[in-house]
Amino acid sequence: MIYLIKVASFQAVMVMFYMIFLRRLTFYGFNRAFLIGALSIGFLLPLVHVEDKPVYQANEELVNMIGTKLIAEPIQVMEEVKPSFEINWTLMLLMLYGLGVLLLTQRFLSNFNKIRKFKYGHQLINKIGAIEVFRTPFAQPFSFFKSVFIPQQVEETPEMELVMAHELQHVRFGHSYDRMLVDFMIVLLWFNPFIYLLRKCLIEVHEYQVDAAVTSTPQSRIAYQMSLVSLAGGGFSGPVSFFNFSTIKRRIQMMNRNKSSKVSLMSLTLLFPMLFGLVVLFSFKMKSSVKPLIELPTKVKVFSEDLRGEKPSIFPVSTDEGKIKVSSTFGMRTHPIDKERQMHRGIDIAGKTGTSIIAAGDGEVVEVENQPNGYGKFIVIKHDDTYKTKYAQLSEQLVKVGDQVKKGQKIAEMGSSGKSTAPHLHYEVMENGKPVDPVKFINNYSFSQVRIEQSRSLAEAEREAAEKQALLARAEMTEVEKQRIEAARAQQLAELERKVAEESLHREAADLQREKAELQHEKAELQRAKELEQQSLKESMPMIIEVPDEVEVIKEQEFPVVVEQPLVPEVPVRPGTPEIVEEEIVVEQEYPVIMEQPIIEEVIHEQEYPVIREVDLDKDKNKNKSKDKSKEKSKDKEKDN
């Protein structure tokens, strides 16, 4: 509770500094960082501890007065009377704080879960990168991390563009993270009224920062301010960033304010002495030793010697409340929990919880502490300038620092409050600050010498066994290390061999690929040379047209027969007309027509049946000669006709 009060005080100072010096400045990014720092640094500052040298105070008049009063008046020892019913206010405060934390944690988780489920209960209308835009029935738009929620009645209005720009800026600046952090801090420090003021200031800075980003020009600033006024209203409670906030008037004033100059940040110099004062107030720890510069009179000194304790000499546990035994002796041993060889600085006396623990000698209580991960609850009694005794693993501490105790007085009860496996008392005797065997200082309890020797021999045997085990473990570790190194080397060698094999395979594959490419290139060159040779051969040879067999079937000697019937009419022979004249007329008119038709047909056949291919020249020559001979024969026949 003291720690939380220190944190709350630091946050209160930081918030007041912000309200006085920084709230009206336009450095919105710096103000945001300042408020977040006030939230987090406040938890670290009380953890800093600074110790100074002891302050020796003395006042001669005061010392003389105290000494005279001590001599003149006898000291009356009065027993402390405890009331029958006592209220533990510390426990009540802790219970009240815990109840507040539970209620606010439930509220925080409920709001977070409700907002997270908005994504699944409302329609997705747009997606801008990783940002999802949903339609909601609420009156106000808001954003939460990468989600933006737009009211249905705003979609078709002129303010829709400005609303989207506003909410996208909230998402870009990551304001949801700040809201989650400050709400979590409210759960821990719900009793601090300044944490709520800090939350309000942080939300204001968020809105100022977004307003400045959206209103980059005066024209957009006017339209944006009109949208703020038209959309003013309440919203959903929780860690979300709303389009508007209750302080619209202040936001409009900040938008129209001129930018602050950097000179105004000089007020931060006042923050350093404030922080130093907080460190001195909360974290500075003065050593408590006070040494008088003027000694008290002799009588007071004698009186002090009478109050001094004596050397511890009795068994520190009551033997009338049940069976007890010494479970562990002084010296080296294997820790029952850590399983490591450690020095045991005292003896352990086992018994049942609640067994009475008594002072081993007269003295003054100098320490009453609790170490849950070590000694647990323990008490230290100073008997004189040489000897101290420590009683640890207690369930109850019945004395406080400064109490004078007598030998045999009940000071505590046995338990297991620290690093322990069972109820017991850990008892130590310190001589000039060094631990010694407590058995040497116990006179009223008979420790068997044989048992002591057995314990020592057992401890020695355990030590030797532990050393042997350590040596064996070291040897095994060395062997295992060697095997590991050999395995690692073998693995490296195998890896190198694999890499070499892969490189050789890659090299062979590359050679084969290169040879294949060369062969394909040579084949292509040969093919191209062959094509060039064929092309040159075709260009040097005359075009030979081969007439198909169907055309060759039509012989030239048949044409006269085909032409004679339609073209030569039968002329009746008149009496007295010579026959020779008629034959000449027939020959002159009809034969030219008969001769032109084969020529035209040859031309037509040459165009319709072109055959371009490689031929045997000798064979074609012989064939041409035979054709020429057949043509000559046909001409002779025509002439004869």
Side-chain angles (χ1 to χ4, degrees), residues 1-52 55 89-90 93-94 96-98 100-101 103-105 108 173-175 177-209 239 245-247 250-251 253-254 257 260-288:
M1 292 300 297
I2 294 175
Y3 170 74
L4 293 177
I5 291 173
K6 290 180 179 180
V7 174
S9 302
F10 172 80
Q11 291 178 352
V13 172
M14 297 295 285
V15 171
M16 295 304 297
F17 181 86
Y18 172 81
M19 295 290 291
I20 296 172
F21 296 104
L22 301 178
R23 189 182 185 186
R24 299 177 62 85
L25 301 182
T26 59
F27 301 111
Y28 305 127
F30 176 81
N31 289 349
R32 177 188 176 190
F34 181 87
L35 293 174
I36 295 297
L39 279 175
S40 55
I41 298 176
F43 284 86
L44 301 177
L45 193 63
L47 299 177
V48 179
H49 292 286
V50 181
E51 289 189 359
D52 196 9
V55 177
W89 292 105
T90 303
L93 288 175
L94 287 175
L96 180 62
Y97 171 74
V101 170
L103 292 177
L104 289 178
T105 301
F108 174 77
F173 285 117
H175 291 161
Y177 296 99
D178 298 353
R179 298 292 296 273
M180 292 292 291
L181 176 62
V182 70
D183 284 358
F184 178 73
M185 293 298 181
I186 289 176
V187 172
L188 297 179
L189 301 170
W190 60 267
F191 58 89
N192 180 19
F194 290 93
I195 192 73
Y196 302 98
L197 182 59
L198 191 149
R199 179 178 182 269
K200 180 180 178 181
C201 293
L202 184 61
I203 295 173
E204 282 183 355
V205 170
H206 288 172
E207 299 301 328
Y208 296 159
Q209 193 174 21
F245 190 64
S246 59
T247 56
R250 188 177 295 113
R251 289 173 60 184
Q253 290 175 352
M254 293 299 292
R257 185 185 296 275
S260 303
S261 62
K262 295 183 178 180
V263 180
S264 57
L265 291 177
M266 293 296 293
S267 59
L268 291 174
T269 55
L270 301 175
L271 185 62
F272 296 103
M274 294 175 60
L275 291 177
F276 180 75
L278 289 173
V279 171
V280 173
L281 181 62
F282 295 151
S283 305
F284 195 86
K285 187 176 181 182
M286 186 71 68
K287 290 186 177 180
S288 60

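Throughout, residue positions are numbered sequentially from 1 according to the sequence presented.
Put simply, CG on Leu198 and CD1 on Ile203 are 10.0 Å apart, with the number rounded to the nearest 0.5 Å. The line from CD of Gln209 to CZ of Arg32 is 5.5 Å long, rounded to the nearest 0.5 Å. Between Ile36 atom CD1 and Asn31 atom CG the span is 12.0 Å, to the nearest 0.5 Å. Remark: His206 NE2 to Leu202 CG distance equals 4.0 Å, nearest 0.5 Å. Put simply, CG on Leu181 and CG on Leu35 are 11.0 Å apart, with the number rounded to the nearest 0.5 Å. In this structure, the separation between CZ on Arg199 and CG on Asp178 is 12.0 Å, given to the nearest 0.5 Å.
Taking Phe173 as the reference, His175 meet the ring-ring contact (aromatic ring centres under 6.0 Å, His included) condition, with sequence neighbours excluded. With sequence neighbours excluded, the residues that form a side-chain contact (heavy atoms from CB on, under 4.5 Å) with Arg257 are Arg24, Thr26, Met254. Every residue two or more places apart in sequence or in another chain that forms a side-chain contact (heavy atoms from CB on, under 4.5 Å) with Leu270 is listed here: Phe17, Phe21. For Tyr28, the ring-ring contact (aromatic ring centres under 6.0 Å, His included) criterion is met by Tyr208, not counting sequence neighbours. For Phe184, the ring-ring contact (aromatic ring centres under 6.0 Å, His included) test picks out no residue, with sequence neighbours left out. Every residue meeting the side-chain contact (heavy atoms from CB on, under 4.5 Å) condition with Thr90, not counting sequence neighbours, appears here in chain and number order: Asn88, Leu94. In this structure Ala8 satisfies the side-chain contact (heavy atoms from CB on, under 4.5 Å) test together with Phe191, Asn192, sequence neighbours excluded.
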TODO: Take Arg23 and Val205 through the side chain to side chain contact (heavy atoms under 4.5 Å, CB included) test and state the conclusion after the steps.
DONE: CA-CA 9 Å; Arg23 189 182 185 186; Val205 170; over 6 Å; no
Open item on the list: For a side chain to side chain contact (heavy atoms under 4.5 Å, CB included) check, start with the C-alpha distance between Phe27 and Leu22, then their side-chain angles and the critical distance, and finish with the verdict.
Closed with: CA-CA 8 Å; Phe27 301 111; Leu22 301 178; over 6 Å; no
TODO: Please report the C-alpha distance between Arg251 and Glu204 in whole Å, then the side-chain angles of each, then the deciding distance to 0.1 Å, and finally whether the side chain to side chain contact (heavy atoms under 4.5 Å, CB included) criterion is met.
DONE: CA-CA 8 Å; Arg251 289 173 60 184; Glu204 282 183 355; over 6 Å; no
TODO: Apply side chain to side chain contact (heavy atoms under 4.5 Å, CB included) to the pair Leu189 and Phe43, showing each step before the final yes or no.
DONE: CA-CA 11 Å; Leu189 301 170; Phe43 284 86; 3.8 Å; yes
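Counting non-hydrogen atoms of neighbouring residues, nucleotides and ligands closer than 6.0 angstrom, the CG atom of Leu44 exceeds 12 such neighbours. More than 12 non-hydrogen atoms from other residues, nucleotides or ligands lie less than 6.0 angstrom from OH of Tyr196.
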Under 3.5 Å, side-chain donor or acceptor atoms of residues 261-268 against the rest of the protein: list the pairs with distances, not counting sequence neighbours.
residue : atom : partner : partner atom : Å
Ser264  : OG   : Ser261  : O            : 2.5
Ser267  : OG   : Ser264  : O            : 3.2

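Residue Gln11 comes nearest to Leu39 through the heavy atom pair NE2-O, 3.6 Å, listed as atom of the first residue, atom of the second, then distance. The two atoms that bring Met19 and Cys201 nearest to each other are SD-SG, 3.4 Å, heavy atoms only. Scanning both residues, Ala38 and Met14, for their nearest heavy atoms gives CB-CB, 3.7 Å. For the pair Leu104 and Val187, the tightest heavy-atom approach, listed with the atom from each and the gap, is O-CG2, 3.8 Å.
Within the 3.5 Å criterion, the main-chain N or O of Trp190 finds no donor-acceptor partner in the side chain of Tyr97.
Looking at Ile41 and Phe10, their side chains come closer than 4.5 Å, going by heavy atoms from C-beta outward.
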